[in-house]
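In the text below, chain A, chain B and the rest are named by the order of the sequence lines, each starting its count at 1.
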Amino acid sequence: MVTVKLNDFNLEQIADSGQCFRMNKISDNEYFLIAFGKCLKISALSKDEFAFDCSKKDFDTIWKDYFDLDTDYSLYKNSVDKNDIFLQEAIKYGYGIRILRQELWETTISFIISQRKSIPAIKSAIESLSASFGSPIYYKDEVFYAFPTPKQLAISSLEELSKHGLGYRDKYIHQLSNNVSSGEFDLDKAKNLNYDDAFKFLTSIYGIGTKIANCIALFSLHKIEAFPIDVWIKRILEDEYNNNFDISRYDGYAGILQQYMFYYARSREYSKIQKNK
DNA sequence: TGCCAGGCTTCAC
DNA sequence: GTGAAGCATGGC
C-alpha cells in the first residue's frame, strides 16, 4: 500500500473523463483500474490523500507515470484567460483531471471502438473483448482480464470479433491486429515521433481519422498539443465561442484544456445552465 | 421507441 | 479539397 498526498487529483473525474475505459467506481471513495496487465485499487482517504493498493515499486515505475503525477497542473490552469468564463468554470469543475499516459495498443483499439459510440457502450465492448481474448489476472481470489494483445486479437476471426458489439469497426480492429501481430506494421514507431509525424502515422491506419489520432496522441503518447474535436467539443466551440476559440493562446498544451472542456460539457451542472438560458 | 454516441471510409464533384 | 451518404450496435 502506498499513501500519497496529491493536489489536482480526483478519482471520479479521471474515471469519468472519457480518456480511459477500465477505471470504475467500486464503492464510495474507491476506484478499481485494470492496466498494464495489473489490477489496482485506489482509495481517496481525503480530498488530497490517496491510498494506492500496490507495491512501492509498481507505484514508482508504473502508476506515477500513468497518472502523470510529476506534472504540476496548476500551471496550466493559471494560464487560462481570466475572461473566459466557460473555461474558468470547466477547470474549477474538473479540477482533479489528469491526462493519463496509457498503453499505446490498448488506447489505439479502444478509440477505434469509440467512434460514434457512447462511453458506456465503449466500456462494455472493451470488457467483452478482454474477457474473451485477454489473459487472466488473479487478484484477491477474483479473476479479471487484461486487455488482449495484438496476437490474442489476431487469433480470432472477423466473425468472432463481431460478436463483441464492435459494429462496423470490427474490420478495422481485425486488420490492425493482424498487421501488428505479424510484424508487418510497427505501431510502436509512433512513440518516437513528434506530434505532427505521429498524427500522420496514426491517420495512415485504416479506421483512424483526425479525431481518433488526436485522442491516441493525447491519451497515450502524451502529446498535449493534440486537440481532439468530437461532437461535444464541436458543440462547445460553436455554443460558447461562436467557432472563434483562440487555440493558439494555449499553444503546445491545448489538449489539456480540451479535456476540462469535455468533462464539463458532459456534466449535469453544465446542462442545467444551458436549460436556464 | 427513437435518438444519439469521444467519426470513419467512400465517392461525387 | 470539400461535402454528403452510409454505416452497426448499445444505452438511455
Side-chain angles (χ1 to χ4, degrees), chain A residues 12-25 90 93-94 97-104 106-132 147 156-177 179 199-240 243 245 247 254-268 270-271 274-275:
Chain A
E12 179 178 12
Q13 292 170 15
I14 294 167
D16 293 343
S17 67
Q19 55 177 317
C20 61
F21 304 105
R22 304 198 75 192
M23 179 174 174
N24 295 298
K25 187 173 189 165
Y93 184 76
I97 287 174
R98 296 271 162 167
I99 303 295
L100 303 178
R101 297 172 190 253
Q102 302 180 85
E103 292 171 277
L104 180 58
E106 176 173 342
T107 309
T108 301
I109 297 300
S110 296
F111 277 94
I112 288 176
I113 292 172
S114 80
Q115 59 187 272
R116 263 179 79 103
K117 253 185 181 312
S118 66
I119 290 176
I122 299 165
K123 285 187 170 192
S124 57
I126 290 172
E127 288 311 316
S128 180
L129 279 182
S130 299
S132 293
F147 190 83
S156 59
S157 64
L158 187 57
E159 288 70 31
E160 283 178 272
L161 271 183
S162 68
K163 294 174 187 162
H164 299 275
L166 304 177
Y168 63 88
R169 309 155 195 80
D170 54 3
K171 54 186 181 291
Y172 305 149
I173 293 167
H174 187 250
Q175 188 180 103
L176 185 59
S177 299
N179 289 344
F199 180 83
K200 280 180 207 157
F201 180 76
L202 291 169
T203 50
S204 75
I205 297 169
Y206 180 47
I208 296 183
T210 305
K211 190 270 171 180
I212 292 176
N214 276 320
C215 283
I216 299 166
L218 183 58
F219 303 134
S220 176
L221 303 174
H222 208 73
K223 305 296 185 194
I224 57 175
E225 63 266 60
F227 193 89
I229 300 176
D230 72 324
V231 291
W232 294 93
I233 296 292
K234 188 165 182 290
R235 271 201 291 264
I236 290 299
L237 296 181
E238 287 167 5
D239 297 350
E240 298 290 340
N243 281 330
F245 179 67
I247 191 170
I256 292 184
L257 302 174
Q258 173 275 158
Q259 196 57 12
Y260 294 115
M261 288 180 171
F262 177 79
Y263 183 71
Y264 183 49
R266 296 179 68 250
S267 71
R268 202 178 291 170
Y270 180 67
S271 60
Q274 291 301 97
K275 266 185 192 166

Determine the contact category for Phe262(A): base if any of its heavy atoms lies under 4.0 Å from a base atom, sugar-phosphate if only primed atoms, P, OP1 or OP2 are that close, otherwise nothing.
base
What's the shortest heavy-atom distance between Ile99(A) and His222(A), and which atoms?
O-CE1, 3.5 Å
Footprint ends on DNA chain B, 5' to 3', for atoms under 4.0 angstrom from a heavy atom of chain A, come out as dA5(B) to dT9(B)
Could you spell out the base pairing of DNA chain B as a dot-bracket line? Use Watson-Crick and G-U wobble contacts where both distances are under 3.5 Å, [ ] for crossing pairs, | for partners on a different strand.
.||||.|||||||
side-chain contact (heavy atoms from CB on, under 4.5 Å) with Lys117(A): which residues, sequence neighbours excluded?
Ile113(A), Ala121(A), Ile122(A), Arg169(A)
Closest contact, heavy atoms only, Phe147(A) versus Ser110(A)
CE1-OG, 4.2 Å
All ring pair (Phe, Tyr, Trp, His ring centres under 6.0 Å) counterparts of Tyr93(A), not counting sequence neighbours
Tyr263(A), Tyr264(A)
Per side chain to side chain contact (heavy atoms under 4.5 Å, CB included), Asn214(A) is matched among Phe111(A), Phe227(A), Phe199(A) by Phe199(A)
Which part of the nucleic acid does Ser110(A) contact within heavy-atom distance under 4.0 Å: base, sugar-phosphate only, or nothing?
nothing
State whether Arg235(A) and Glu240(A) are salt-bridged, where the test is any N-O pair (Lys NZ or Arg NE/NH1/NH2 against Asp/Glu carboxylate O) under 4.0 Å.
no
I'd like a list of close polar pairs between nucleotides 9-12 of chain C and the protein, N/O only, cut-off under 3.5 Å.
| unit_1 | atom_1 | unit_2 | atom_2 | d |
| --- | --- | --- | --- | --- |
| dG11(C) | OP1 | Ser124(A) | OG | 3.2 |

Please figure out whether Tyr172(A) or Ile229(A) has its closest DNA chain B nucleotide nearer the 5' end.
Ile229(A)
Sequence neighbours excluded, which residues qualify as side-chain contact (heavy atoms from CB on, under 4.5 Å) partners of Leu158(A)?
Asp170(A), Lys171(A), His174(A)
Within the structure shown, what part of the strands sits under 4.0 Å from Phe219(A) by heavy-atom distance: base, sugar-phosphate, or nothing?
base
Taking atom C1' in both dC3(B) and dC7(C), what distance in whole Å separates the two?
16 Å
When we call it a touch if two heavy atoms are under 4.0 Å apart, what does Leu218(A) touch: a base, just sugar-phosphate, or nothing?
nothing
If I pick the P atom on dG6(B) and the same atom on dA4(C), what distance separates them, to the nearest angstrom?
24 Å
Same-atom distance (P) from dG10(C) to dT9(B), integer angstrom:
23 Å
Considering all heavy atoms, the nearest Gln102(A)-Ser220(A) contact
O-OG, 2.7 Å
Walking DNA chain B from its 5' end, the first of Ile205(A) and Gln258(A) to be reached, judged by nearest nucleotide, is Gln258(A)
Near Lys25(A) NZ, under 6.0 Å, is it more than 12 heavy atoms from other residues, nucleotides or ligands?
yes
Under 4.0 Å, heavy atoms only, any strand: does Gly207(A) hit a base, just the sugar-phosphate, or nothing?
sugar-phosphate
Heavy atoms only: give me the nearest Ser17(A)-Gln259(A) pair and the separation to one decimal.
O-NE2, 2.5 Å
